[in-house]
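Notes to accompany the following structure.
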Amino acid sequence: MSAAPPAPRPAAARHALLLAAGLGALALCAALSLALGSRSIPLPTVIDALSGTEHGADADVVVGLRVPRTVIGIAVGAALGAAGAVAQGVTRNPLASPTTLGINAGAGFAVVTAIFALGLSHPLQFVWFAVAGAAGAALLVYGMARRSGDLDPVRLALGGTVLSAVLASWTSALMLASRRTLDEARFWLAGSIGGRSLDGLYQVLPLLAVGAVLALLIAPALNALALGDETAQALGVPVARIRVAGGLAVVLLAAGSVAVAGPVAFIGLAAPHLVRPLLGNDHRLLVPGCLVAGPVLLLLADVLGRLVVRPSEIEVGIVTAFLGAPLLAVLARKAAAR
Amino acid sequence: MTKTALSTDRLAAHGLQLRYGDRTVVRELDLELPGGAVTAIVGPNACGKSTLLRGLVRLLDPAAGTVTLDGADIHRMPARALARRMGLLPQQPVTPEAVTVEALVRLGRYPHQRMLTPWSAADQAAVEEALRRTGTDALRDRPVDQLSGGQRQRAWIALALAQDTDLLLLDEPTTFLDLRHQLDVLDLVTDLHRDAGRTVVMVLHDLGQAARYADHLVVLDGGELAAAGPPGEVLTAELVERVFQVPCRIVPDPETGTPLVVPLARR
Amino acid sequence: MSPDTLAPARPGTAAAGAEPGALGRARRRTLVLIAAAAVLLVLMTGVALSTGQVAIALPDALRALFGFGAEGDVLVVREFRAPRVLSALVAGAGLAVAGSLLQRLFRNPLASPDVIGVTGGASFGAVLLLATGASQALTPLAALGGGLLAAALLGAFAWRSRMAVTRLVLVGLAVQAGLAAAVNLMIVRFPAELAGQALQWTTGSLYGRTWPELWGAGGAIAAVVAAVFLTNRRVAVLDLGDDSAGGLGVDPHRTRLGLLLLAVVLASLAAALAGPVGFVALAVPHLVRLLAGPPTPASLALTALTGALLLTAADHLVLHVLPVHGLPVGAVTATLGAPWLLVLMIRQGRPPQRSSR
């Protein structure tokens, strides 16, 4: 099934080095995420708290708040990054992201409906509503884009955008109809990894794991898909099945992450674009690369959101959108230079 | 009728340098294209043929030098005035969705229309003439995106004809066409020149076709002028070997007597 | 009908001449659709003007709009109902034309004011005004300013690339994302009361429109729509690709910038009147393309009429028909338009896309 020729040795060494550097950056970001916040805790204290030798207020903050937050950040970032890489590969569109498929809008609408109708108020209660909403929206979009067993990329994007617009407007309508809903939902809708417990993550962990494995499995086939449907077919790649499997991976990963953290934009879009200049277009490297780059971006954005308005903080979903904007502009410069 | 160079419609480049970003594609080119004749621009891949054509019709601003039409700098002429004198068939035009042949050809009248002028009898006459000449009359109601390659190319040529210019520039008009349609297009182009005295400049790939159909040959190599003149004088075995790195013999075309390139057998 | 709606229709029909063949047939079909849409729009306007606490007969309501008939009717229609109804009509037409222009310019079926940042910009302006606590009467001006700010950002980032399409789309998305994040930040930080108001505006609202606003923004929209009609030939030439356009004497870069500015101004003006009802701009051009085929001046007129009809009908539903009060007009527009569009899309089988390259 592997379509691209194996990379020559020197490149492989470079890639290993880059992957190591990426993991190093991830470790650094995790350390920053544990140490920085409304109160800064020196790294030695963090390490002591983690090993259980330190007790007290600082240790409580580290173990009780920042460890869950960092772990969730890593999981969500990795899921979103991989989902973005697969979404762009499947649609052959560098602007595709989980958002394009209506996943965030579906999750948002389901959660706001739950808040409105059932009076829920805790993020932990939202998890399965978000998953159901995300999956429902994605299925609907796939249904609209289906064409004799295959998915039509253009209708996929158009259907996703239209559905997102409709669901977003319904979400607003619900929030405007009830003050309580507005108050509960606007924070969740901003997208945040703070104040979430690990229980939420455990619930969706199977989704994320299956999604990630699926993404890694189809990565070689995505290389063939990049050459166009006909060439891929000629290379013996089952195009339609790969597209469906890829779509499934995107839904699992994105639905899982939106359930834990709320809608976080841009990680899925940006991670592949950051990794591509370093590792090239080979999806066998791109997908693992995004599994690392996604969390780096998310944790950086989250730490930044904690620092700029100390002692308060800005939701990570808002920070990623702010940071993503200039990134896209730079990307545009490259696209134009080509 | 006339094969002699007229004194008008002379397109010339003086010290022309064309660039894409930092990449210089055409350097220091001095060139004069005879009016009232068919000129073919040939050369190996990536020698700057299409770039030169784009420079000649002002699609590309020169990094240095000028392009003149009858002595006047084309970069100082109003865009529409230039478009009434010079028509272009690009290599890969974008076919708008579901546009009919006639609607496409009518767009060729754009440079002749003012913002509020209604569609005139002269406009319609030019469109009819273009459809008739290209044999696309019967296709006029068909959507262009559903035509075969040869038909589509003729529709695009009809658009350039409806523009009713003395000069017509074509960028590889025969690509993607089979042999018969290639000859159809080339016959059409030379008829235009013969019947209406138009000046034709085209980029071609096939040296034999270029020699057969052109009065004047321009050979480019690496963005520089390798040779220019009548095909019979220009097209020599030494030149082809130097420019294309293909050892060959030149024999007279049994049909027309124009030079024909026959590559030497490699084994 | 108001003079604003007549203006867009006129150049399209006046350009029609005696034409043979399929061109003529397609145009006749479009003209029939235009006539139907125009009649529906007059009826819808009449119904909207005649409904309310004081019921007025439909013909009387239309007459009262122009100042004829019983004094009480004239007062109710002209003072209380007309500004809102006509604002919906004008904004709907403007948004639809802006969307149609953007989808053609970008050769992308997903283009809408969202893609060039106008939605984010207009929301940013309006919500920022809310944050400063200034008079709400200034909201349309703030929205207009925000939309133009987005356009300025887009132009500043994209100008050096000579308005290449890919670059414009990417930069537009970036501007939109940045400004939308700013709006989101304000909504999250606002006290609940203000957050509700901000959300209300960004979802689209025609509440509290006045005659001066209508004359100002509506007149400007009519002028820009007229300009779009006048440049239609130019756009058709641009559709042939940059090289062909250049060969026909159209500078593609400068033309694209000019047309983009028209679309931005149009979308910003419409947002000033009705809030950023992005759905009209996204969906109406598709609907019209599916009904009447590829863009011509006539189908552009149909686009304007359909946009006006959709927003007027949606606002009427919000005000008088739906049992729930205070629904945002944007939600109703999307709900009305989406199923129609999706059914057409599925039935069509082929995507409503533009062939490019």
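Just so it is clear: chains get the letters A, B, ... in the order the sequence lines come, proteins before strands, and each one is counted from 1.
When heavy atoms are compared at a cutoff of 4.5 Å, C:L185 approaches chain A by way of both its backbone and its side chain. Heavy atoms closer than 4.5 Å to chain A are found in both the backbone and the side chain of C:E193. Both the backbone and the side chain of C:A182 come within less than 4.5 Å of a heavy atom of chain A. Contact of C:A283 with chain A is not made at all, since no heavy-atom distance falls under 4.5 Å. The part of A:L182 that comes within reach of chain C is its side chain, from C-beta onward, which places non-hydrogen atoms under 4.5 angstrom from that chain. Only the side chain of A:R179 has a heavy atom closer than 4.5 Å to any heavy atom of chain C. Contact annotation for A:A177: neither backbone nor side-chain heavy atoms come within less than 4.5 Å of a heavy atom of chain C.
Counting only distance, with no hydrogens or angles, the side chain of C:R104 and the backbone of C:D239 share no donor-acceptor pair below 3.5 Å. With A:S178 contributing its side chain and A:L174 its backbone, the two residues share no donor-acceptor pair below 3.5 Å.
A side chain to side chain contact (heavy atoms under 4.5 Å, CB included) with C:Q176 is found for one member of C:T119, C:L153, C:V118 and no other, namely C:T119.
A:F126 and A:W188 have perpendicular rings, their planes meeting at more than 60° on a 0 to 90° scale where under 30° would count as parallel.
In terms of non-hydrogen atom pairs under 4.5 Å with chain A, the most contact-rich of C:S112, C:A177, C:A334, C:A174 is C:A174. Per-residue heavy-atom pair counts under 4.5 Å with chain C were compared for A:L323, A:T320, A:I314, and the maximum is reached by A:I314.
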